[in-house]
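Numbering starts at 1 and runs along the sequence shown. Please read all numbers here as calculations on a predicted model, not as lab measurements.
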Amino acid sequence: APRAFEFRLREREGKVRWLRTLSHPTPIGSGAESRIVGLIFDDTERKAAEQKLKASEAHLRLVQEAAHIGSYQTDADLVTIGSRQFYRNLGLSEDTTELPEAAYLALIHPEDRQRVTAEGRAAMASNADTFEIEFRIIRANDGEVRWMFNRTRHLRDDSRRFIGAIGAHMDITDLKVAEEAARAGEALNLSITEASADGITLLDANGRMTFMNGHGLAAAGAEDFDMLKGRPWTDCWPVQVQASLRAAVAEARDGGVGRFTGCNRGSDGSEKWWDVAVTPVRAESGRPNALLAISRDVTEQRRSVGRA
């Protein structure tokens with residue numbers, strides 16, 4: 001019978017080559033004796049290319065798995081064929097062969113499903129080449145809710161008719177949890193600053209205001225921080241205090257704690273005395289990238305000292 005097989009050959013200088021043979025027995029004359037005729041192909045370059053491709057595919061698969069990125073391709077009927085990580089993200093078997101649109105939509109969180117469907121259809125109808133969206137899925141195997149970031153590239157023929165799509169989705173649940181924790185932390189910090197009886201102002205490295213709590217706004221005679229945002233902090237103080245203020249800011253910018261006591265007029269025209277401390281807010285490098293100013297109302301204390 002005809003035979004085909006491949007093998008490696010080690011040459012005298014040690015180089016290994018891949019050979020592939022195709023052989024066929026051919027009778028000699030009219031007797032039972034036969035001989036083998038065939039071809040031998042040098043497949044070394046093809047084998048090397050296959051090995052590089054396999055290594056590249058393995059590398060891509062490892063990267064996708066490490067980043068929880070699943071790639072996929074759909075046809076014109078939105079039937080999806082995905083990578084192992086794609087199915088793993090959805091809580092499906094890695095051996096899943098294809099995923100019809102209805103089955104995929106069923107895995108999307110009910111609160112997000114209508115939005116995802118509507119925005120996806122609108123992107124297809126608008127001839128947009130790419131489409132990005134975030135949504136939640138409910139994993140098929142354990143019911144866990146996970147956040148996905150999806151990016152799709154639509155494939156179209158010469159008449160711009162939709163013929164399919166390729167894309168990837170990434171599990172961003174950890175990022176979403178971190179963002180929610182950060183928002184909760186910001187809300188907590190804001191509630192603490194608003195509950196403080198002191199005026200709290202955040203400055204950039206140039207002494208311009210980036211935040212001020214309610215007590216600070218009241219002291220500055222401002223109803224809304226938008227009136228002050230980006231302006232020099234010196235604008236909130238009378239001229240006779242500004243030299244001390246700039247010295248305190250310079251001290252904090254150099255990494256120390258700057259202090260001064262100053263007086264300004266309240267909204268009712270009365271004098272208000274403030275004990276002010278300016279401290280650096282350090283970046284991860286240890287260098288100050290912002291300044292925190294805390295102003296404490298010491299008017300009553302000064303009056304008490306005066307009466308004594």
Side-chain angles (χ1 to χ4, degrees), residues 4-6 8 16 18 20 43-124 128-157 161-181:
F5 60 93
E6 58 185 17
R8 285 168 294 178
V16 175
W18 274 97
R20 176 167 51 96
D43 273 0
T44 305
E45 293 184 2
R46 182 178 65 85
K47 282 288 187 180
E50 287 180 354
Q51 291 172 355
K52 287 181 180 179
L53 179 60
K54 289 180 180 178
S56 177
E57 291 175 343
H59 176 73
L60 177 60
R61 185 171 62 251
L62 289 174
V63 170
Q64 289 182 341
E65 292 175 356
H68 302 292
I69 298 175
S71 57
Y72 62 87
Q73 181 170 352
T74 69
D75 60 16
D77 296 323
L78 300 181
V79 176
T80 300
I81 298 175
S83 66
R84 293 192 303 178
Q85 187 60 41
F86 175 83
Y87 295 124
R88 190 181 296 124
N89 283 350
L90 298 175
L92 297 172
S93 169
E94 295 179 2
D95 298 328
T96 302
T97 54
E98 62 180 30
L99 190 64
E101 180 190 21
Y104 180 66
L105 291 176
L107 296 173
I108 297 178
H109 195 286
E111 295 178 5
D112 297 340
R113 190 176 300 144
Q114 184 176 356
R115 173 177 59 87
V116 172
T117 302
E119 293 186 15
R121 299 290 187 190
M124 290 170 56
D129 288 329
T130 59
F131 172 61
E132 295 181 357
I133 193 170
E134 293 180 0
F135 56 89
R136 291 165 293 177
I137 59 101
I138 301 177
R139 286 167 51 89
N141 58 348
D142 55 18
E144 183 181 1
V145 176
R146 306 289 295 181
W147 274 97
M148 297 290 156
F149 170 75
N150 183 83
R151 181 178 177 85
T152 301
R153 182 171 183 84
H154 296 145
L155 305 177
R156 303 181 186 276
D157 60 17
R161 182 173 58 90
F162 177 80
I163 58 174
I166 57 173
H169 64 195
M170 178 189 299
D171 188 323
I172 58 171
T173 306
D174 293 342
L175 176 61
K176 283 290 185 178
V177 171
E179 289 177 351
E180 185 62 31

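- Looking only at distances, no side-chain donor or acceptor of Asp77 sits under 3.5 Å from a matching main-chain atom of Val79.
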Worksheet item: Run the side-chain contact (heavy atoms from CB on, under 4.5 Å) check on Asp129 and Arg156 step by step: do they pass?
Response: CA-CA 9 Å; Asp129 288 329; Arg156 303 181 186 276; 4.3 Å; yes
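- Evaluated for a side chain to side chain contact (heavy atoms under 4.5 Å, CB included) with Asn150, the options Ile133, Ile172, Ile137 yield exactly one hit, Ile133.
- The shortest heavy-atom contact between Leu105 and Arg113 is O-NE, 2.8 Å.
- The CD1 atom of Ile163 sits 10.5 Å away from atom CG of Asp75, with the distance rounded to the nearest 0.5 Å.
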Fill in: Intermediate values then yes/no, side-chain contact (heavy atoms from CB on, under 4.5 Å), Leu90 and Leu99
CA-CA 11 Å; Leu90 298 175; Leu99 190 64; 3.8 Å; yes
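- In plain terms, the two heavy atoms of Thr152 and Ala165 that are nearest each other are CG2-CB, 3.6 Å.
- The minimum heavy-atom distance between Tyr87 and Gly82, with the atom names listed, is OH-N, 3.0 Å.
- Pairing each heavy atom of Thr44 with each of Val16, the nearest pair is CG2-O, 4.3 Å.
- For Tyr72, the ring-ring contact (aromatic ring centres under 6.0 Å, His included) test picks out Phe86, with sequence neighbours left out.
- No more than 12 heavy atoms of other residues, nucleotides or ligands shown are found within 6.0 angstrom of CZ on Arg8.
- Shown here for Asn89 and Gly70, the closest heavy-atom pair between the two residues is ND2-N, 3.7 Å.
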Worksheet entry | Arg46 vs Arg20, side-chain contact (heavy atoms from CB on, under 4.5 Å): CA-CA, chis, key distance, verdict | CA-CA 11 Å; Arg46 182 178 65 85; Arg20 176 167 51 96; 4.0 Å; yes
Discussion item. Test side-chain contact (heavy atoms from CB on, under 4.5 Å) on Arg136 and Ile138; report intermediate values, then the result.
Written reply: CA-CA 7 Å; Arg136 291 165 293 177; Ile138 301 177; over 6 Å; no
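- More than 12 heavy atoms of other residues, nucleotides or ligands shown are found within 6.0 angstrom of CD on Glu101.
- By the side-chain hydrogen bond (donor to acceptor under 3.5 Å, both in side chains) test, Asp157 is found to be paired with Ser159, Arg161, residues two or more places apart in sequence or in another chain being considered.
- A 4.5 Å side-chain heavy-atom check between Leu107 and Leu92 finds at least one atom pair inside the cut-off.
- Nearest heavy atom pair, residue Phe149 against residue Glu134, reads CD1-CG, 3.8 Å.
- Under the 3.5 Å distance criterion, the side-chain polar atoms of Ser83 are matched with a main-chain donor or acceptor of Ser71.
- Using a 4.5 Å heavy-atom cutoff, the side chains of Phe131 and Met124 are not in contact.
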